[in-house]
Amino acid sequence: MTTGPGEPKRRYLQYLEAVTGSLEEKKRWRQYKARIKELPENYRTAVEALERYLMHFGPGDDVVSMHEDLADLFEQSATDGTPIREIVGQDPVEFVEAFLANYPEGQWIRRERRSGCTPARLSFCRRAASSPSC
């Protein structure tokens, strides 16, 4: 069996991705963070607050595309001069929950919350969805 000159590097990258996750996802995340850093301060602060909420209560999978969409929204709003209150409304939590509902994983989490599971118990409830204690 012969291996090409790039074979050890390819194996290393496969191993690295298996351990740390997709390198492409990490690259996209860094690009997203750079985009947010370029926003005006008040828009950046709003996006960072929404990001924190999504990190705690949002889906665990494919968060990068969701955050990229959030960045698109705020970049366009900053360009147009749209006030932040006009974007998120009077209740930022309601805004982010509606935003989250546009993603399949977000719909699952919303359904679990309505069933009475608290955010701290969501991971447990996911494993034992039929448990009466949720």
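Just so you know, these numbers use all the heavy atoms, side chains as well, and skip hydrogens, waters and symmetry mates. All residue numbers in this chain count up from 1 along the given sequence.
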To the nearest 0.5 angstrom, please state how far the [atom1] atom of [X] sits from the [atom2] atom of [Y].
{"X": "Glu51", "Y": "His56", "atom1": "CD", "atom2": "NE2", "result": "10.0 Å"}
{"X": "Lys37", "Y": "Arg44", "atom1": "NZ", "atom2": "CZ", "result": "8.5 Å"}
{"X": "Leu39", "Y": "Phe74", "atom1": "CG", "atom2": "CZ", "result": "8.5 Å"}
{"X": "Glu48", "Y": "Ile36", "atom1": "CD", "atom2": "CD1", "result": "7.5 Å"}

Min side-chain heavy-atom separation [X]-[Y] under 4.5 Å:
{"X": "Thr82", "Y": "Ile87", "result": "yes"}
{"X": "Glu75", "Y": "Tyr43", "result": "no"}
{"X": "Met66", "Y": "Leu100", "result": "yes"}
{"X": "Ile84", "Y": "Thr45", "result": "no"}
{"X": "Asp69", "Y": "Asn102", "result": "no"}
{"X": "Asp72", "Y": "Gln76", "result": "no"}
{"X": "Arg35", "Y": "His67", "result": "no"}

message: Would Tyr53 and Glu97 count as a side-chain hydrogen bond (donor to acceptor under 3.5 Å, both in side chains) here? Give the steps.
response: CA-CA 10 Å; Tyr53 184 90; Glu97 287 291 329; 2.4 Å; yes

message: Please verify the inter-ring angle class for Trp29 with Tyr32; under 30° counts as parallel, over 60° as perpendicular, anything in between as tilted.
response: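 The arrangement is tilted - the two ring planes meet at 30° to 60°.
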
Residues which pass side chain to side chain donor-acceptor pair (under 3.5 Å) with Glu68, listed by chain and number, not counting sequence neighbours: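 Glu68 satisfies side chain to side chain donor-acceptor pair (under 3.5 Å) with Arg28 only.
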
